[in-house]
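Just so you know, these numbers come straight off a predicted model, no measurement behind them.
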Amino acid sequence: MNPLLILSTLLFLLASGIARAQEPHSHGGQPCQGHAHDEDDDDAEEEDAADHDHDDPEAIIPDHALRLLGVTTVEAQAGIIGEEIRISGSFQPSTGGVTVCGVPVTGFITLHVKPGQPVKTGDPLFSVASPELIERRQAIAEARAALAQAETFAHALADRLQALQTAGGRNAELTQQLAERNSERDTARQRLATLERAFADLLSGTHITETGYTVTAPRPGIADCLPLPARTWNETGSAPVRIVDPQALLFQAEAPLAESLRLRAGMTGRVENAQRKPLTEMAEITLAPIGDPQRRTRGIYLQAPVTDDQTFPGMPATLAVNTCRSDHDHRGQVVIPAASVAREGLTARVFLRDSANPNRFTARPVILIEESNGLAVVEGIHPGEAIVVHGAYELKQAFPAAAASEKKVPGHFHADGQFHTGTH
């Protein structure tokens with residue numbers, strides 16, 4: 001059978017049934033009773049009648065009609081919508097969230113981490129093969145040898161002088177030589193201690209290797225570094241790696257002045273990647289006090305908890321800002337799909353499905369506040385009410401126009417296909 005013919009017949013039955021709902025009826029002077037009714041409609045109608053608002057047009061639609069219409073519903077949600085402004089930028093470390101891991105001794109560096117890699121305390125960050133370190137270690141070895149030699153000479157002279165004194169003799173020259181050797185020994189000991197202390201202080205927090213040392217992470221975080229080729233020369237004091245606290249990342253962007261004029265304090269946004277996956281929680285944006293007249297841009301900032309552990313400093317991303325202010329009063333407004341709103345001139349209606357009786361539908365007038373990105377903000381319905389989305393157009397054709405509607409009486413379908421007003 002032609003689908004258009006089926007749909008036209010169904011709409012005719014719905015329209016006829018709703019129109020008949022304007023007039024009470026009887027069967028041979030008797031109230032409507034004793035008929036076989038659709039099993040799905042028997043129990044809920046009596047309970048619904050007392051609570052239902054009879055000012056809105058309504059109808060009972062049997063299951064087979066709902067299937068033909070393809071009716072689907074969604075729940076109305078409390079909320080707001082607004083125009084979305086998207087601005088490209090990147091994550092940068094904020095003040096106080098960075099630990100610098102520098103090169104204590106010059107040498108050829110080899111990185112063990114990649115930009116954006118999460119690290120734990122003690123993880124190796126980079127190794128340095130340092131000729132200077134080898135020289136320092138050689139100097140310490142030479143100082144130890146000099147101290148050992150000075151101690152040997154001092155002990156030898158002390159033994160000779162002791163033996164001479166035991167025999168009852170004296171030797172002023174040996175006594176002078178022993179004093180000189182003891183002084184050389186003390187000097188060698190002090191020099192060795194100085195070299196060892198400097199070496200230890202210089203490489204504190206590193207793991208010393210045969211030809212250099214390895215710097216490890218002093219805290220957990222995200223590695224921020226440039227991808228350096230292996231054995232790149234680095235001077236003392238350079239900082240090839242920084243450890244960044246992931247919750248201290250700041251998103252920065254430069255918005256064109258035309259776009260920035262549409263932004264206000266109190267607006268909220270979040271950072272997303274290229275696939276629009278959220279990287280941060282929602283938070284209020286911060287605007288730079290003034291724009292850059294040369295570049296014709298203005299700084300936009302957002303600092304919010306990061307929700308993706310793959311986020312790293314320098315990572316490009318997009319700030320999505322909703323132009324609705326978070327501090328405005330939006331009470332009484334709900335968000336529904338724009339496709340569910342039936343417009344009739346200057347009026348708008350939605351079709352509600354009864355929560356207690358899924359076969360009962362009501363046409364409810366609403367006030368359309370705004371519409372954007374396939375969503376509509378309306379007043380006149382409550383969060384949680386079931387709104388018809390697919391099938392709303394067909395129901396609009398079947399229900400009487402809002403301007404022509406008067407006080408309506410609920411009705412119902414019988415199993416024989418007839419529509420009757422009233423409830424049981």
Side-chain angles (χ1 to χ4, degrees), residues 75-97 244-308 311-341 343 346 348 366-383:
E75 285 190 1
Q77 303 289 331
I80 58 175
I81 61 172
E83 183 182 3
E84 185 179 74
I85 299 177
R86 301 182 66 82
I87 306 167
S88 298
S90 63
F91 286 98
Q92 299 298 330
S94 61
T95 304
V244 180
D245 181 357
Q247 297 306 324
L249 288 175
L250 175 70
F251 181 84
Q252 300 180 358
E254 294 292 327
L257 286 179
E259 292 288 320
S260 67
L261 292 176
R262 301 159 62 191
L263 301 176
R264 296 289 184 275
M267 292 181 178
T268 59
R270 70 182 181 190
V271 183
E272 302 174 345
N273 63 11
Q275 292 72 40
R276 299 206 171 194
K277 177 185 176 182
L279 302 178
T280 68
E281 296 180 3
M282 294 290 293
E284 290 191 3
I285 64 172
T286 301
L287 303 176
I290 58 175
D292 186 336
Q294 299 296 328
R295 303 173 60 185
R296 299 188 62 79
T297 60
R298 187 179 183 184
I300 311 294
Y301 310 97
L302 181 99
Q303 186 158 15
V306 174
T307 58
D308 191 314
T311 305
F312 58 90
M315 176 179 176
T318 301
L319 175 63
V321 182
N322 194 295
T323 55
C324 280
R325 287 172 58 102
S326 61
D327 54 356
H328 280 193
D329 186 2
H330 300 278
R331 288 175 296 182
Q333 299 180 6
V334 297
V335 177
I336 59 176
S340 64
V341 180
R343 295 168 179 79
L346 298 178
V366 295
I367 300 175
L368 182 61
I369 305 299
E370 61 177 312
E371 183 178 347
S372 177
N373 298 323
L375 297 174
V377 175
V378 299
E379 290 182 354
I381 55 179
H382 304 291

Under 3.5 Å: donor-acceptor pair, side chain of Asp292, backbone of Arg296: no
Point-to-point distance, once rounded to the nearest 0.5 Å, from CG of Leu263 to CG of Leu287: 6.0 Å
Minimum heavy-atom distance Gly291-Pro293, with the two atoms named: O-CD, 3.3 Å
Thr286 vs Leu302 side-chain heavy atoms within contact, under 4.5 Å: no
Ala248 backbone acceptor or donor facing Ser94 side chain under 3.5 Å: yes
Glu272 vs Lys277 side-chain heavy atoms within contact, under 4.5 Å: no
Pair Leu368-Arg343, side-chain contact (heavy atoms from CB on, under 4.5 Å): steps then yes or no: CA-CA 10 Å; Leu368 182 61; Arg343 295 168 179 79; 3.7 Å; yes
side-chain contact (heavy atoms from CB on, under 4.5 Å) evaluation trace for Glu281 with Arg270: CA-CA 6 Å; Glu281 296 180 3; Arg270 70 182 181 190; over 6 Å; no
Heavy-atom pair of closest approach, residues His382 and Ala76: O-CB, 3.7 Å
salt_bridge(Arg298, Glu259) N-O dist < 4.0 Å: no
Distance-minimising heavy-atom pair for Thr307 and Thr280: OG1-N, 3.4 Å
Nearest-0.5 Å distance, CG of residue Asn273 to CE of residue Met315: 6.0 Å
Shortest non-hydrogen contact from Pro246 toward Val306: O-CG2, 3.2 Å
Lys/Arg N to Asp/Glu carboxylate O, Arg276 vs Glu84, below 4.0 Å: yes
Ile300 CD1 to Ser88 OG distance, which is reported to the nearest 0.5 Å: 12.5 Å
Student check: side-chain heavy atoms of Thr311 and Leu249 closer than 4.5 Å: yes
Tyr301 and Ile285: CA distance, side-chain angles, deciding distance, side-chain contact (heavy atoms from CB on, under 4.5 Å) verdict: CA-CA 6 Å; Tyr301 310 97; Ile285 64 172; over 6 Å; no
Heavy-atom closest contact (Asp308 atom, Pro278 atom, distance): CB-O, 4.5 Å
Exercise: identify the closest heavy-atom pair between Gln247 and Pro305: OE1-CA, 3.1 Å
Distance (rounded to the nearest 0.5 Å) between Ile85 CD1 and Leu319 CG: 9.5 Å
Test log, rule side-chain contact (heavy atoms from CB on, under 4.5 Å), inputs Ile336 and Val341: CA-CA 8 Å; Ile336 59 176; Val341 180; 3.8 Å; yes
Euclidean distance, Phe91 CZ relative to Leu279 CG, rounded to 0.5 Å: 5.0 Å
Atom pair CD (Gln92) and CG (Leu250), whose distance is rounded to the nearest 0.5 Å: 8.0 Å
